[in-house]
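Numbered from 1 within each chain, the chains take letters A, B, ... in sequence-line order.
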Amino acid sequence: MATTQHLRVRFAPSPTGYLHVGGARTALFNWLFARHEKGTLLLRIEDTDVERNRPELVQGILDGLKWLGIEWDEGPFFQSQRLEMYRAAAERLLAGGAAFGCYCKPAAYAGGDAAPGTGEEHAGEGDDEGKALKAAPCPCRDLNDAERAARHSQGIPRAIRFRVPRTGVTHFEDLVFGAREVQNAEIEDFVLLRSNGLPTYQLSVVVDDIDMRISHVIRGADHLSNTPKQVLIYQALGAAAPVFAHVPLILGADRTRLSKRHGATSVGSYADEGFLPEAFRNFLALLGWSPGDDSEFLRTGELIERFSLGGVSRTNAVFDRAKLEWYNTQYLQKPAVEELLPYVEAELKRAGLWEGSQASGDRAWFARAVDLIRPRTRLLGDFTGWARAFFAEDFDYEAEAREKFWKDERVGGMLHKLAGALEALPEFNHDACDAALRGLAGAEGVKAGLLINATRVAIVGRAVAPPLFDTMVVLGRDRVLARLRRAVAALTSA
RNA sequence: GGCGCUAUGGUGCAACGGUUAGCACGCGGCCCUUUCAAGGCUGAAAUACGGGUUCGAUUCCCGUUAGCGCUACCA
């Protein structure tokens with residue numbers, strides 16, 4: 001039925017909050033699907049609720065998508081700029097009899113209060129305790145012309161509701177949940193156009209998806225129950241319904257819907273925390289989707305290549321922060337160092353450690369340093385955190401490190417001698433440093449490990465750091481000697 | 001309340017009538033080792049419950065329970 005050959009999908013967030021992980025995953029699935037099928041992805045901002053919208057949040061959503069590497073081909077389109085189209089569609093449905101004017105007081109319809117618009121009770125027919133199995137039709141649907149005119153002249157606000165058939169079933173195809181059908185009698189006469197002239201989601205989403213020739217609607221499963229209403233609108237508008245694919249929701253650790261109280265839930269906060277976009281993408285893709293086998297580490301190209309809506313699960317998934325972190329370590333480890341450099345550079349700049357650092361002027365050195373540090377990192381912040389000494393001279397000696405490895409009172413003297421021995425080395429490389437240190441340890445009658453650990457604290461300030469001799473070579477003789485002597489001073493003064 | 005969806009270890013996924021129910025994260029142990037990671041090996045840990053159907057159910061059907069969603073002039 002669909003006249004569109006070309007596959008078109010859209011991500012349609014509402015600017016009532018930041019881009020949260022659930023929305024991000026919906027966007028990701030749309031993007032993966034579009035790229036896999038060589039289709040088109042559009043971005044549409046659904047801002048028809050003037051009360052709740054926060055226009056300033058739009059940029060944050062766009063930034064979040066960009067951070068994730070999700071690029072859209074068309075848009076962003078704003079529904080707030082297309083209001084005439086929805087109004088016209090509502091009028092058309094009204095004129096054709098598929099919709100009717102409703103004069104009920106908002107909320108009164110569902111709540112069962114007296115309705116000023118009609119003077120009638122709106123709870124519906126089956127309000128005999130628990131007998132109301134069916135959705136009650138709006139009493140206004142059967143008003144005659146004279147009654148409507150009377151209400152109009154009284155200035156009673158009018159909304160436009162869809163005249164839902166009292167019988168029959170509505171069905172649609174869902175690529176995740178299968179063929180679905182619901183009894184029309186279960187569907188209430190829902191509002192299309194509010195009395196203030198603004199469309200509801202049900203109307204605007206359908207009008208836009210038709211106008212934008214959307215072929216596949218991929219969205220959260222929270223929309224599953226309302227889909228029949230939209231299918232009814234498609235039919236009334238004489239348009240073919242798209243194929244739907246509802247994806248399960250992402251829940252917090254307590255299995256409830258993700259919200260602010262679950263801590264970091266906006267993608268921006270993960271960016272700030274030092275997660276890599278590709279790691280986040282990999283993690284997100286496997287929440288509610290599986291390539292069909294046990295693959296876990298899928299880079300973006302493979303994700304696109306293997307993505308299929310058929311692999312989407314129907315079960316809600318819990319967001320597992322620990323696993324996200326594991327993915328991040330994997331992406332910090334496995335790719336070529338060069339891929340990581342831009343991210344580390346940005347991190348160093350953020351921390352004000354870029355200018356003046358050897359990293360800024362010596363690309364090869366920068367790559368070596370990052371490669372040495374990264375096996376022990378979990379987040380980008382580690383590069384300016386525990387690994388700060390690689391990029392700055394002002395670093396502190398971690399308290400636990402001092403207590404653990406500088407406890408022996410001979411350390412000061414040995415570090416002093418070590419500095420001398422290293423200074424005398426004809427060549428400052430891994431093996432020479434190794435030999436010099438072990439030789440000294442032997443002469444002093446201590447285990448090499450003791451001196452190695454003490455030296456590590458001296459030159460990087462931490463108990464946990466990369467292998468010592470590699471670190472010394474990357475730092476270079478001058479800095480190592482300076483730090484050794486600085487440590488001796490710190491030890492003897494304390 | 002009504003309607004609907006879902007149900008494999010703590011978590012994310014495999015097994016799409018026949019497997020000793022697999023993989024990964026996390027957790028424990030061992031190896032490696034210069035701290036800590038990474039890596040390798042390894043251990044504990046699951047088919048919600050009850051009925052069917054079938055030679056045979058994780059898998060198909062029904063019920064129960066639980067969770068979630070929708071039930072707005074929110075999206």
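Taking only side-chain atoms of A:E186, from C-beta outward, the nucleotide of B:rC73, B:rG2, B:rU6 with the closest atom is B:rG2. Set against B:rC70, B:rA24, B:rU71, the side chain of A:D222 has B:rC70 as its closest nucleotide. Among the nucleotides B:rU35, B:rG69, B:rC25, the one closest to any side-chain atom of A:S225 is B:rG69. Counting only heavy atoms from C-beta on, A:F177 has its side chain closest to B:rU6 among B:rC73, B:rC3, B:rU6. Checked against B:rC13, B:rG2, B:rA75, the side chain of A:S313 finds its nearest nucleotide in B:rC13. Nearest nucleotide to the A:S195 side chain, out of B:rU34, B:rC73, B:rU6: B:rC73. In the set B:rG4, B:rC73, B:rU34, B:rC73 carries the atom at the smallest distance from any side-chain atom of A:R161. The side chain of A:D320 lies closest to B:rU11 when the candidates are B:rU11, B:rU6, B:rA75. Residue A:P375 places its side chain closer to B:rA37 than to any other of B:rC73, B:rA75, B:rA37. Side-chain atoms of A:A317 lie closest to B:rC13 of the nucleotides B:rC13, B:rC5, B:rU35.
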A:Q154/A:Y103 under side-chain hydrogen bond (donor to acceptor under 3.5 Å, both in side chains): CA gap, chis, key distance, verdict: CA-CA 11 Å; A:Q154 285 173 58; A:Y103 301 89; over 6 Å; no
Criterion side-chain hydrogen bond (donor to acceptor under 3.5 Å, both in side chains) on A:R281 and A:T300, from CA distance to verdict: CA-CA 8 Å; A:R281 241 178 281 149; A:T300 305; 2.5 Å; yes
Stepwise side-chain hydrogen bond (donor to acceptor under 3.5 Å, both in side chains) test for A:R306 and A:S295: CA-CA 11 Å; A:R306 306 188 63 172; A:S295 306; 3.1 Å; yes
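Here the separation of B:rU6 from B:rG12, taken at their C1' atoms, is 16 Å to the nearest Å. Here the separation of B:rA44 from B:rU35, taken at their P atoms, is 29 Å to the nearest Å. B:rG9 and B:rA14: their C1' atoms are spaced 14 Å apart (whole Å). Comparing B:rG51 with B:rA57, their C1' atoms are spaced 14 Å from each other, to the whole Å. Nucleotides B:rU58 and B:rC13 are separated by 15 Å at their C1' atoms, to the nearest Å. As rounded to the nearest Å, B:rC61 and B:rC5 have P atoms that lie 12 Å from one another. One P atom belongs to B:rC73, the other to B:rC49, and the distance between them is 42 Å to the nearest Å. When the P atom is used for both B:rU59 and B:rC27, the distance is 33 Å, rounded to whole Å.
Here A:R10 does not pair with A:D208 in a salt bridge; the nearest charged N to carboxylate O distance is not below 4.0 Å.
Look at CZ on A:F383: it is 13 Å from C1' on B:rA37, rounded to the nearest Å. One atom, CD1 of A:I233, and another, C1' of B:rA75, lie 14 Å apart when rounded to the nearest Å. B:rC13 atom P lies 14 Å from atom CG of A:L303, rounded to whole Å. Per the geometry, CZ belonging to A:R321 stands 17 Å off P belonging to B:rG12, to the nearest Å. As a whole-Å value, the separation of A:R219 CZ from B:rG69 P is 17 Å. The nearest whole Å value for the distance from the CG atom in A:L203 to the P atom in B:rA72 is 17 Å. In this structure, CG of A:L286 is placed 11 Å from C1' of B:rA14, rounded to the nearest angstrom. A straight line from CG of A:L379 to C1' of B:rA38 spans 16 Å, rounded to a whole angstrom.
When Watson-Crick and G-U wobble pairs are counted only if both distances are under 3.5 Å, B:rA46 pairs with no nucleotide at all. Within the shown strands, B:rG69 is the pairing partner of B:rC3 under the Watson-Crick or G-U definition, both distances less than 3.5 Å. Nucleotide B:rA15 is matched to nothing when pairs are restricted to Watson-Crick or G-U wobble geometry with both distances under 3.5 angstrom. Base-pair partner of B:rC60: B:rG52 (Watson-Crick or G-U wobble, both distances under 3.5 Å). Summarising the base pairing, B:rU8 is matched to no nucleotide, lacking a Watson-Crick or G-U wobble pair whose two defining distances lie under 3.5 Å.
With the nearest nucleotide of RNA chain B identified for both A:V464 and A:T200, A:V464 has the one nearer the 5' end. Each of A:R438 and A:Q79 was matched to the nucleotide of RNA chain B holding its nearest heavy atom; the match closer to the 5' end belongs to A:R438.
Formation of a donor-acceptor pair under 3.5 Å by the A:R163 side chain with backbone atoms of A:R141 is found in this model. The closest donor-acceptor contact from the side chain of A:N53 to the backbone of A:D49 lies under 3.5 Å.
The base of B:rC5 has none of its N or O atoms less than 3.5 Å from a complementary donor or acceptor on the side chain of A:R314. Remark: the A:E296 side chain and the B:rG12 base include a donor-acceptor N/O pair separated by less than 3.5 Å. On a pure distance criterion of 3.5 Å, no polar donor-acceptor pair joins the side chain of A:R44 and the base of B:rA75. At a cut-off of 3.5 angstrom, the base of B:rU35 holds no donor-acceptor pair with the side chain of A:R462.
Side-chain nitrogen and oxygen atoms of A:T48 include at least one within less than 4.0 Å of the OP1 or OP2 phosphate oxygen of B:rA75. Considering only side-chain N and O atoms, A:R255 lies nowhere under 4.0 angstrom from the phosphate OP1 or OP2 of B:rA66. For the OP1/OP2 pair of B:rG39 and a distance below 4.0 Å, the side-chain nitrogens and oxygens of A:Q330 include at least one atom meeting the criterion. Note on A:N316: every side-chain N or O is 4.0 Å or more away from OP1 and OP2 of B:rG69. For B:rA14, the OP1/OP2 oxygens have a side-chain nitrogen or oxygen of A:S290 closer than 4.0 Å.
Under the 6.0 Å cut-off for aromatic ring centres, A:H36 and A:F307 do not qualify, their centroids lying 6.0 Å or more apart.
At the heavy-atom level, A:H246 lies nowhere under 4.0 Å from the strands shown. Among the atoms of the strands shown, only primed sugar atoms or phosphate atoms (P, OP1, OP2) are found under 4.0 Å from some heavy atom of A:K229.
No donor-acceptor contact under 3.5 angstrom links the side chains of A:R376 and A:T329, judged on distance only.
Screening A:L43, A:L57, A:V58 for a side-chain contact (heavy atoms from CB on, under 4.5 Å) involving A:P13 leaves a single residue, A:L43.
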